[in-house]
Amino acid sequence: MTSGNVMPKTKTCNELLSLFSKLNRTERAWVLYADMFRLKIKSSVKEFLGFMEILGIKPTVVTYSTIIHGFCLRGRVGGAHMIFSAMKGRAVQPDSYTAFGYSDEMVKKGIMPTVSSYNLLIHELFMEARASEADCMVREMEEKGMVPDAITYNILINGYCRSGNAKKAFILCDEVLRKGIEPTKETYTSLIYVLSKRKGMNEADDLLEKILRKGVLADLVMLNALIDGHCANGNMERAFSLLREMDKMKVHPDEVTYNTLMQGRCRAGKVEEARELLDEMKRRGIKPDYISYNTLISGHNKRGDMNDAFKV
DNA sequence: ATAGGGTTAG
């Protein structure tokens, strides 16, 4: 639990604790020993499964999903894919990872991928920019009679938005609505983000209005993305009117909001006005970060007034 | 029980 660079989440800890509480004293000693031991060796997952086996605790699909997640977080993508293949009963290369049950033995033990396991892998494929394979995964799920859930769709929509494929993202959003799944505010943020990046500011504004009408509360990240779109397209008036709307909606702007606005003003050659925003954010108790200063310094630099750049 | 989620510079 303590090894590695990934902090366990509360729920994970609860899981381990509940596991722990089911053990007798000797077994607890073994687990503690295992944990201590894991700090000194690399193959912690193998060890963990090994001790589980010794203790007669059978891993479930959740155990393996948790392991897949851990591998993804640590960038051990190959391992993640292999465990998933093993869950599907596909023969995997008999190497060190298969030693403790990552093999087609899993199917015999009744370990089959769930929607959650698929979601893990679909997300991983998007992180690796392997969108078409992610699509195949969804089809594979559906062929097996599994139903993609809201999380599956959020992964897909966000993935396509990040790669700039707005069309595909909107098609998926329609599909979600058709299926009666309620998109979340994060889904809409992804869509506003992609519209803003693709200069579709009218559509982005319309979408925000539609969302608000639906009763979904606008939030900071969503509005920041929209403000950035307007700044990038030189519509500073609209950007600032959104800032005022934020205040009205009691959504408190943060350093990202102000950095975005400062950048917009710098881009328009209004470095002094951008500098005023630095004071304004300080007055409002928002702490400028390194991006705030970089933005102003490079704004001055572009104009060649190095003295002012140093004053920032 | 495990899984997803967003914004700013260069």
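In what follows, chains carry the letters A, B, and so on, assigned in the order in which the sequence lines appear, proteins first and then strands, with residues in each chain numbered from 1.
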Q. Given B/dA9, is OP1 or OP2 found less than 4.0 Å from the side-chain N or O atoms of A/Lys302?
A. no
Q. So which nucleotide from B/dG10, B/dG6, B/dA3 ends up closest to the side chain of A/Arg162?
A. B/dG6
Q.
side chain to side chain contact (heavy atoms under 4.5 Å, CB included), that's the test. Do A/Met246 and A/Asn224 meet it? Break it down for me.
A. CA-CA 10 Å; A/Met246 268 173 112; A/Asn224 281 350; 4.0 Å; yes
Q: Can you figure out which of B/dA1, B/dG10, B/dA3 approaches the side chain of A/Asp149 most closely?
A: B/dA3
(Q) If you take any heavy atom closer than 4.0 Å to DNA chain B, which residues from residues 257-282 of chain A end up in contact? (A) A/Asn259, A/Thr260, A/Gln263
Q) Between B/dT8, B/dA1, B/dA9, which nucleotide gets closest to the side-chain atoms of A/Thr295? A) B/dA9
Q: Could you check how far CG of A/Asp228 sits from P of B/dG6, rounded to whole Å?
A: 16 Å
Q: Send over the distance from A/Asp289 CG to B/dA9 P, rounded to a whole Å.
A: 11 Å
Q | Audit row: A/Thr257, A/Leu220, side chain to side chain contact (heavy atoms under 4.5 Å, CB included) steps and yes/no | A | CA-CA 8 Å; A/Thr257 321; A/Leu220 183 59; 3.9 Å; yes
Q. With a non-hydrogen cut-off below 4.0 angstrom, is A/Tyr290 in contact with a base, only sugar-phosphate, or nothing?
A. base
Q: Identify whether any heavy atom of A/Asn294 sits under 4.0 Å from a base atom; if not, whether one sits that close to sugar-phosphate; answer base, sugar-phosphate or nothing.
A: base
**Q.** Distance-only donor-acceptor test (3.5 Å): side chain A/Asn224, base B/dG6
**A.** no
Q) In the hydrophobic clustering that connects Ile, Leu, Val, Met, Phe, Trp and Tyr at side-chain heavy-atom distances below 4.5 Å, which members other than A/Ile291 occupy its cluster, ordered by chain and number? A) A/Tyr290
**Q.** Side-chain H-bond candidate by donor/acceptor type, A/Asn294 with A/Asn259, under 3.5 Å
**A.** no
Q: Could you list all the salt bridge (Lys or Arg N to Asp or Glu O under 4.0 Å) pairs where at least one residue sits in residues 225-236 of chain A, not counting sequence neighbours?
A: A/Lys197-A/Asp228
Q) Can you find an N or O donor on one side and an acceptor on the other, under 3.5 Å apart, linking the side chain of A/Tyr118 with the base of B/dA3? A) no
Q | Value in whole Å for how far the C1' atom of B/dT2 lies from CD1 of A/Ile122 | A | 15 Å
Q. Are any of A/Lys185's side-chain N or O atoms less than 4.0 Å away from OP1 or OP2 of B/dT7?
A. no
**Q.** Smallest separation among heavy atoms of A/Pro113 and A/Met87, with atom names
**A.** CD-O, 3.5 Å
**Q.** Contacting residues from residues 124-135 of chain A, given that a heavy atom lies under 4.0 angstrom of DNA chain B
**A.** none
Q: Whole angstrom is fine here: how far is it from NE2 in A/His123 over to P in B/dG6?
A: 7 Å
(Q) Between A/Tyr64 and A/Phe84 (judged by ring centroids, cut-off 6.0 Å), do the two rings come close enough to count as a pair? (A) no
(Q) Taking side-chain contact (heavy atoms from CB on, under 4.5 Å) as the definition, give me every residue that meets it alongside A/Ala204, ordered by chain and number, with sequence neighbours left out. (A) A/Leu195, A/Ser196, A/Met201, A/Leu226
(Q) What's A/Thr187 touching, base or sugar-phosphate or nothing? Going by heavy atoms closer than 4.0 Å. (A) nothing
(Q) Under 4.0 Å, counting only non-hydrogen atoms across every strand here, what does A/Leu120 touch: a base, just sugar-phosphate, or nothing? (A) sugar-phosphate
Q.
In this structure, how many angstroms lie between the C1' atom of B/dT8 and the CG atom of A/Leu226, rounded?
A. 14 Å
Q | Integer-rounded Å distance: B/dT2 C1' and A/His69 NE2 | A | 9 Å
Between side-chain atoms of residues 267-278 of chain A and protein atoms elsewhere (two or more places apart, or another chain), which donor-acceptor pairs fall under 3.5 Å?
residue, atom, partner, partner atom, Å
A/Glu272, OE1, A/Arg303, NH1, 3.4
A/Glu272, OE2, A/Arg303, NH2, 2.9
A/Arg275, NH2, A/Asp279, OD1, 3.3

Q.
If I take atom OH in residue A/Tyr293 and atom C1' in nucleotide B/dG10, what distance separates them, rounded to the nearest angstrom?
A. 18 Å
Q: Over all heavy atoms of both residues, which pair between A/Glu142 and A/Lys179 is shortest? Give the atoms and the distance, please.
A: OE2-NZ, 3.9 Å
Q) Starting at CG of A/Leu207 and ending at P of B/dT7, how long is that distance when rounded to a whole Å? A) 16 Å
